[in-house]
Every structure is written in C-alpha cells, then in structure tokens.
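Numbered from 1 within each chain, the chains take letters A, B, ... in sequence-line order. No experiment lies behind these values; they were computed from the predicted model shown. Keep in mind that the numbers below use all heavy atoms, side chains included, and drop hydrogens, waters and symmetry copies.
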Amino acid sequence: MADRTPRLYNTLTRTTEAVEPREEGHLRFYSCGPTVYNYAHIGNFRSFLTADLILRTARAIGWETTYVSNITDVGHLTQDDLVDPSGEDRMAQALEREGERFANIYDLARYYSDALLRDWHALNLRDPDVRPRATEHVTDQLEAVIKLVDSGHAYVTDKGVYFSVETAPDYGKLSGNREAEQLQATERDIVEDEGKRDPRDFALWKLDENHLMKWHSPWGWGYPGWHIECSVMGMRYLGDQFDLHAGGEDLIFPHHECEVAQNEALAGHEVIPYWVHTRFLQVEGEKMSKSKGNFYTVRDLIAPDPDDEHVPDAIRQQGGVDPLALRYALLSGQYRKPFNFTLKTLRDSARAVKRYRDVQARLDEALQSTSETAAATGLAESLRESYEEALDAMCDDLNTPGSLAAALKGVKAIEQADSLSAADARTATEWLHDINNLLGIVEPQHAATERTGGSDGDDDFAEQVESLIRERADARSAGDYDRADAIRDELDEMGVEVKDNPDGTTWERKGL
RNA sequence: GGUGACGUGGCCGAGGGGUUAGGCAGAGGCCUGCAAAGCCUCGUACGGCGGUUCGAAUCCGCCCGUCACCUCCA
C-alpha cells in the first residue's frame with residue numbers, strides 16, 4: 001500500500017490530480033466549519049464528511065496528517081444587509097428569534113457549537129487536530145488587516161477596511177468569476193460603501209459601535225469581515241504554505257476566492273495548491289429548504305422531536321435513525337456529484353449498517369468459540385481484495401459508492417462462509433477494523449454515537465416481548481396457530497420482528 | 001449573461017473503447033405450520049444527433065435536459 005497516492009479534483013486547476021503534500025507523507029489541510037447560529041443540517045455534514053474522508057484516506061495510506069477545522073462564532077452579514085446596511089447579522093437574528101433561551105450572543109454561539117460537536121461525534125467524524133474559533137483569533141485577524149493596509153493591499157474608509165482586489169491580479173482564478181465586476185457592479189455600488197474604490201473590493205473590518213460582538217481596532221469599534229478569519233487561522237496553525245483546503249461548493253465564491261487573495265497578499269506567494277469542494281445535496285429531488293419542508297438537521301434524523309411533523313413518521317416512531325446509517329447514506333454518493341438524499345436511501349443504509357453489525361456479532365461469537373471448525377476457504381484472500389479495492393476507490397477522488405461496494409464484497413464473503421475458524425474470525429475482525437478506520441460505518445467511535453433513540457435498553461419492554469414470545473411458543477407447540485399468529489401480529493404492532501430459527505425464536509426492533 | 005458539474009436498467013449509484021459493479025425493489029426456488037429473516041438463482045442499461053474506430057455507453061463535436069455558484073448558504 002506504500003505507493004498509493006490519493007487523487008482529488010482540484011477546483012483551482014479544474015482537473016483531478018494526485019495530491020502531493022509539500023512535506024512527503026504529511027498532509028496538512030483546513031476545512032471550513034459552520035457558523036454556529038443554529039443546528040447544523042445534513043448538507044453541512046456532507047461537507048464535513050468530505051474532510052473526514054480525506055483524513056481517513058491519508059491515514060490509511062500511512063500519511064501523517066494535520067487537520068484544522070474552524071468554528072465561525074462571529075455573525076456575518078445576511079442578504080438583508082444589502083437592502084438595509086444597518087441590519088443585523090445571522091447570529092444577531094438568531095438571538096432575536098430565541099432570545100428567551102440565551103442571555104447573550106455568546107451563550108447562543110456556545111450552545112450551538114456544543115451541539116455541533118455532539119453531531120460531529122455522532123456521525124463518527126474524527127476531531128481535527130485544532131478547532132479554532134473566530135472569536136479567539138480576532139487579534140490575529142486585526143494584525144493581518146493592519147499588515148494588508150500597510151502593504152497597500154487594503155484601505156480604510158469611514159465604514160471599514162477593504163481589500164483592494166486590484167492589487168491581486170489573480171483574483172478570480174479559483175471561481176472563474178473574473179468578470180463579476182461588470183455584472184454586479186451596479187448592484188454592489190448601491191448596497192455597499194461609497195468609499196469603496198472597486199465594486200469587487202470586500203470588507204476586512206467593519207466599523208460598527210453597536211454590533212453585538214465588537215472589538216477595538218485602530219479604526220474604531222467593529223468586527224472582522226467573514227473571509228479574513230479562515231486565512232488567518234489556516235496560516236496560524238498550518239503555516240504560510242500548506243496543502244489543501246476543503247469546503248462546500250458555495251464557498252468557492254466569494255469566500256475562498258477572497259481567501260486566496262488575502263493569503264497571497266499576506267504571504268507573498270501561493271499558500272494552498274489544492275482546493276476541494278463538496279456539492280450541495282438535494283433532498284427528495286429538491287433543494288433543501290425550510291419552506292419545502294425537506295430541511296433536515298442531523299438531530300432531526302437521529303434524535304427527532306416526537307412532535308416535529310416535518311420529520312417523517314417512520315423516523316420519529318423509532319426515535320431517530322442510527323447515526324451510522326445517516327453517515328452511510330451520505331457516503332452513498334460521491335462528494336462531487338449531485339446527490340439526492342432520500343428516505344429510501346436512509347432506509348437502505350440502515351440495512352447495510354445492520355449487515356456490518358450482524359457480521360461483527362458473528363465474528364465475536366466465532367472468536368469465543370473453542371470448538372474446532374474448518375477454516376473458510378479463500379476468506380482471507382477475499383477480504384484482502386475487498387480492502388485493497390475499497391482503499392483504491394477512496395484514493396480515486398473519494399469514490400465512496402465504489403468503496404462501499406468493495407467493502408460489501410468482504411461482508412458477503414463472511415456471510416457466505418459456512419463455518420469460521422478462530423483464525424478466520426481474527427482475520428475478519430482485523431479486516432472489519434480496517435474498513436471501519438477507512439469508512440467509519442461499523443462501530444461508533446464516541447459514546448455519542450450510541451443509539452439514543454428507540455427503546456433497546458428498555459428492560460420492561462424486553463420483558464414484555466419475551467413474555468409474548470414464550471406465550472406464542474406454547475401456542476405453537478400446542479398447534480394453536482391462530483393464537484400464535486395473533487401474538488405475532490401484536491408484536492408487529494409493537495415494532496418487533498419475530499424470527500423463528502431452527503434453534504429457537506429471536507426478535508429485534510424493526511428498522512426504518 | 002459568466003462559470004462549473006452532471007445525465008447509466010423500476011430506483012439509488014459505480015465503471016469508463018471489445019470481457020461481472022454493488023445495493024434496493026421485483027421474479028423464481030430452498031427453509032417455515034404459515035410468514036418474516038436468511039440463503040441460492042435471475043437484469044444487459046448508459047439523454048439525442050453526428051464524427052473518430054474493425055468496434056463507442058466509454059474518445060471528439062454539437063444539441064437537449066438537470067443542478068449549482070456569480071457577495072445569506074456546506
């Protein structure tokens with residue numbers, strides 16, 4: 001596995017390229033995190049998942065990694081600001097909406113960033129090495145702005161400090177929006193600061209004495225522009241030359257375009273050669289939006305409010321889906337292709353995750369068995385091939401559907417083995433562990449991933465079910481099949497699936 | 001208007017000049033008191049039109065369609 005190199009589509013060059021870290025065998029990358037003014041939705045997580053997969057793939061081929069992902073806890077402008085420049089930012093609006101829950105804007109940010117971390121862990125996303133917060137790096141941001149002013153890349157007006165795009169000849173190289181100037185000039189001039197020299201110029205610092213979050217600057221009280229935080233935090237933790245930057249496709253412009261301009265103005269050279277962007281997902285064939293009722297946060301799906309009618313009944317009834325099923329569903333589309341998230345995909349994914357769990361249970365049993373059983377023929381070889389193929393697929397621009405398919409071949413090989421020797425079980429357990437390291441779909445890696453929904457741990461419920469099953473067994477042995485079937489129907493109503501095996505009856509809660 | 005991506009069987013979704021994706025659904029079978037679950041078997045599809053080629057779903061061109069971004073957004 002030593003000579004594998006991951007390939008990724010680079011937005012900057014518009015081609016799929018082999019990723020070659022500056023320092024051989026050590027990938028340093030940054031992934032844009034969310035603004036914490038609300039619960040993160042499944043689209044946010046599709047993007048965070050891409051970063052997680054880059055990390056896992058790099059580790060799987062033996063690379064070191066340094067991974068930074070920020071939390072934006074400073075409010076930035078909403079579209080309303082374009083109409084009403086004195087308007088409030090998103091976080092301020094959130095506070096207004098939920099004012100009774102939070103004492104101030106910092107409480108709100110803290111609450112939603114805690115929620116973000118819980119969801120992050122629930123979906124088996126690995127933690128970054130550093131998770132910087134914008135509010136904790138305002139001084140760094142100010143220093144960068146001062147440096148840009150001093151070097152002539154920025155200028156001050158009575159409303160703020162702006163980056164002068166004219167001084168960045170490559171501006172537009174990432175997004176291709178080189179002509180945005182002409183196209184949007186009129187609108188920009190109206191909504192922005194008259195002191196701006198070029199409509200493309202963007203804010204590095206905004207002066208506002210009344211802003212809910214404000215800091216002191218050489219130009220007066222105010223707050224930083226949106227783009228500067230990522231430039232500053234990226235270079236602070238990864239240096240002025242690192243390898244890769246990831247984010248959602250909407251960030252290509254303006255956010256990353258502006259970041260590139262700032263980076264290069266600050267460093268005097270290219271800072272990041274690879275840019276990776278995750279496409280938006282759709283839900284049930286439509287753009288995810290609150291008005292369409294197809295807007296899902298992670299917790300809507302894994303721990304729904306029972307009374308929230310916009311969450312499908314099937315999900316609410318079982319108290320939320322397995323978080324790993326949600327992760328699996330998000331993996332079933334490649335990050336760069338349009339992906340249609342549907343309830344059906346989620347249902348299929350839950351079954352797939354269950355297959356892994358069942359295989360794992362079988363392996364655990366085989367490991368503990370002391371009886372001599374014949375080795376399964378060719379199992380080790382099938383599993384080796386399965387893993388190699390799964391890893392190859394990940395190296396091929398994070399081809400997750402291909403990787404899942406390859407992994408499933410290994411699952412099938414285990415399922416189909418007539419018997420498993422202890423050695424087989426050890427080999428297969430190791431394989432399962434490797435697959436889990438690569439894709440994160442087998443075992444929860446944090447306590448938070450344990451199923452919170454359902455009543456699996458409910459002893460009373462289990463007792464009730466066991467009792468009904470005993471009753472049914474009695475009816476069956478007495479030949480009273482009408483009675484037995486009635487009990488089975490009753491269990492079915494309770495969401496319990498009955499399975500009659502040769503050596504007894506088992507049951508489990510029904511999935512989606 | 002500018003920019004980028006994508007169109008594969010009933011559905012999701014890989015692959016990518018001649019040779020099996022996989023899953024779900026569906027059909028048949030085994031098992032079962034009957035079911036369920038499980039297991040076995042079964043699919044020959046690539047938006048349209050041209051071109052290159054011995055051969056194209058795969059390469060090239062054009063067209064059609066879908067999606068996204070162009071200072072709210074992952």
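- When the side-chain nitrogen and oxygen atoms of A:Gln416 are compared with OP1 and OP2 of B:G38, none of them lie within a distance under 4.0 Å.
- Straight-line distance between the C1' atoms of B:U44 and B:C30: roughly 27 Å, to the nearest whole Å.
- Side-chain contact between A:Tyr30 and A:Leu244: absent, with no pair of heavy atoms (C-beta onward) separated by less than 4.5 Å.
- Here A:Phe280 does not lie in a stacked arrangement on the base of B:A68, lacking the combination of planes under 30° and ring centres under 5.5 Å apart.
- Only the P atoms considered, B:U71 is 32 Å distant from B:C60, to the nearest whole Å.
- Using a 4.5 Å heavy-atom cutoff, the side chains of A:His255 and A:Asp250 are not in contact.
- Put simply, CH2 on A:Trp275 is 15 Å from C1' on B:A74, counting in whole angstrom units.
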For every nucleotide of nucleotides 29-37 of chain B, 5' to 3': is a protein heavy atom under 4.0 Å from its base (B), only from its sugar-phosphate (S), or from neither (-)?
----BBBBS
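- Between A:Asp358 atom CG and B:G38 atom P there is a gap of 9 Å when expressed in whole angstrom units.
- Less than 6.0 angstrom separates the ring centroid of A:His41 from the ring centroid of A:Phe295.
- Residue A:Asp201 contributes atom CG, which lies 15 Å from atom P of B:U71 at whole-angstrom precision.
- One atom, NE2 of A:His245, and another, C1' of B:A74, lie 12 Å apart when rounded to the nearest Å.
- Here, B:G47 and B:A57 have their P atoms 10 Å apart, quoted to the whole Å.
- Across all strands, A:His277 comes closer than 4.0 Å to no nucleic acid atom at all (heavy-atom distances).
- Not a single salt bridge (charged side-chain N to carboxylate O under 4.0 Å, His left out) links A:Glu497 to another residue, sequence neighbours left out.
- Of the candidate nucleotides B:C69, B:G15, B:G23, B:C69 has the atom nearest to the side chain of A:Asp250.
- One finds no side-chain N or O of A:Lys409 lying less than 4.0 angstrom from the OP1 or OP2 phosphate oxygen of B:G23.
- Relative to the ring axis of A:Trp120, A:Arg126 does not place its NZ or CZ within 45° and under 6.0 Å from the centre.
- Sorted by first and then second residue, the salt bridge (charged side-chain N to carboxylate O under 4.0 Å, His left out) pairs involving residues 399-409 of chain A (not counting sequence neighbours) are A:Glu389-A:Lys409.
- For the atom pair A:Asn38 CG and A:Thr297 OG1, the distance stands at 8.0 Å (nearest 0.5 Å).
- In terms of modelled atom types and a separation under 3.5 Å, the side chain of A:Glu284 and the main chain of A:Thr342 share no donor-acceptor contact.
- Residue pairs that meet the salt bridge (charged side-chain N to carboxylate O under 4.0 Å, His left out) test with at least one member in residues 331-340 of chain A, sequence neighbours left out, are A:Arg336-A:Asp397.
- Contact annotation for A:Leu404: no contact, since no heavy-atom pair falls under 4.0 Å across all strands.
- Looking at every heavy atom in both residues, A:Val74 comes nearest to A:Met213 through CA-SD, 3.8 Å.
- Residues passing the salt bridge (charged side-chain N to carboxylate O under 4.0 Å, His left out) test with A:Arg46: none are found, sequence neighbours excluded.
- Rounded to an integer number of Å, the gap from A:Leu331 CG to B:C12 C1' is 14 Å.
- Taking atom C1' on both B:G13 and B:G50, the two are 30 Å apart, rounded to the nearest angstrom.
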Every protein N/O within reach of nucleotides 9-11 of chain B N/O, cut-off under 3.5 Å:
none

What donor-acceptor contacts under 3.5 angstrom involve side-chain atoms of residues 465-473 of chain A, with partners at least two apart or in another chain?
{"unit_1": "A:Glu466", "atom_1": "OE2", "unit_2": "A:Trp507", "atom_2": "NE1", "d": "3.0"}
{"unit_1": "A:Glu471", "atom_1": "OE2", "unit_2": "A:Arg483", "atom_2": "NH2", "d": "2.3"}
{"unit_1": "A:Arg472", "atom_1": "NH1", "unit_2": "A:Asp500", "atom_2": "OD1", "d": "3.2"}
{"unit_1": "A:Arg472", "atom_1": "NH2", "unit_2": "A:Asp500", "atom_2": "OD2", "d": "2.8"}

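- To the nearest angstrom, C1' of B:G2 lies 20 Å from NZ of A:Lys173.
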I'd like a table of atom pairs between the protein and nucleotides 5-7 of chain B - only N or O on both sides, under 3.5 Å - with the distance next to each one.
{"unit_1": "B:A5", "atom_1": "OP1", "unit_2": "A:Tyr9", "atom_2": "OH", "d": "3.3"}
{"unit_1": "B:A5", "atom_1": "O2'", "unit_2": "A:Arg279", "atom_2": "NH1", "d": "3.4"}

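- For the P atoms, the distance linking B:A74 with B:U41 amounts to 47 Å, nearest Å.
- For A:Asp170, the salt bridge (charged side-chain N to carboxylate O under 4.0 Å, His left out) criterion is met by A:Lys173, not counting sequence neighbours.
- Spacing between B:G16 and B:C24 at atom C1', rounded to whole Å, works out to 24 Å.
- Closest to the side chain of A:Leu408, out of B:G22, B:C69, B:C73, is B:G22.
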Strand RNA chain B in bracket notation, Watson-Crick/G-U under 3.5 Å with | for pairs to another chain
(((((((..(((.....[...))).(((((.......)))))....(((((..]....))))))))))))....
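- Only the C1' atoms considered, B:C59 is 30 Å distant from B:G23, to the nearest whole Å.
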For nucleotides 57-66 of chain B, print each protein N/O atom paired with a nucleotide N/O atom at under 3.5 Å, atom names and distance only.
none

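- Residue A:Asn44 has no polar side-chain atom (N or O) positioned under 4.0 Å from OP1 or OP2 of B:C73.
- Nearest-nucleotide assignment on RNA chain B puts the 5′-proximal partner with A:Lys287, out of A:Lys287 and A:Arg46.
- A donor and an acceptor atom, one from each side chain of A:Gln282 and A:Asn340, are nowhere located under 3.5 Å apart.
- Computed from coordinates, the A:Leu251 CG to B:C72 P distance equals 12 Å when rounded to whole Å.
- When the C1' atom is used for both B:G55 and B:G18, the distance is 7 Å, rounded to whole Å.
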When you look at A:His227 and A:Phe202, which way does the ring-ring contact (aromatic ring centres under 6.0 Å, His included) test go after all the steps?
CA-CA 9 Å; A:His227 314 305; A:Phe202 53 90; 5.4 Å; yes
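- For the residue pair A:Tyr296/A:Tyr39, the side-chain donor-acceptor check at 3.5 Å is not satisfied.
- Applying the salt bridge (charged side-chain N to carboxylate O under 4.0 Å, His left out) criterion to A:Glu508, with sequence neighbours excluded, gives A:Lys354, A:Lys499.
- Regarding A:Leu116, its CG atom lies at a distance of 11 Å from the P atom of B:A74, rounded to whole Å.
- Annotation: side chain of A:Tyr155 is in contact with side chain of A:Arg197 (closest heavy-atom distance under 4.5 Å).
- Within the nucleic acid shown, A:Phe339 comes within 4.0 Å of sugar-phosphate atoms alone, with no base atom in reach, counting heavy atoms only.
- Heavy-atom minimum distance, A:His256 versus A:Trp275: CG-CZ3, 3.4 Å.
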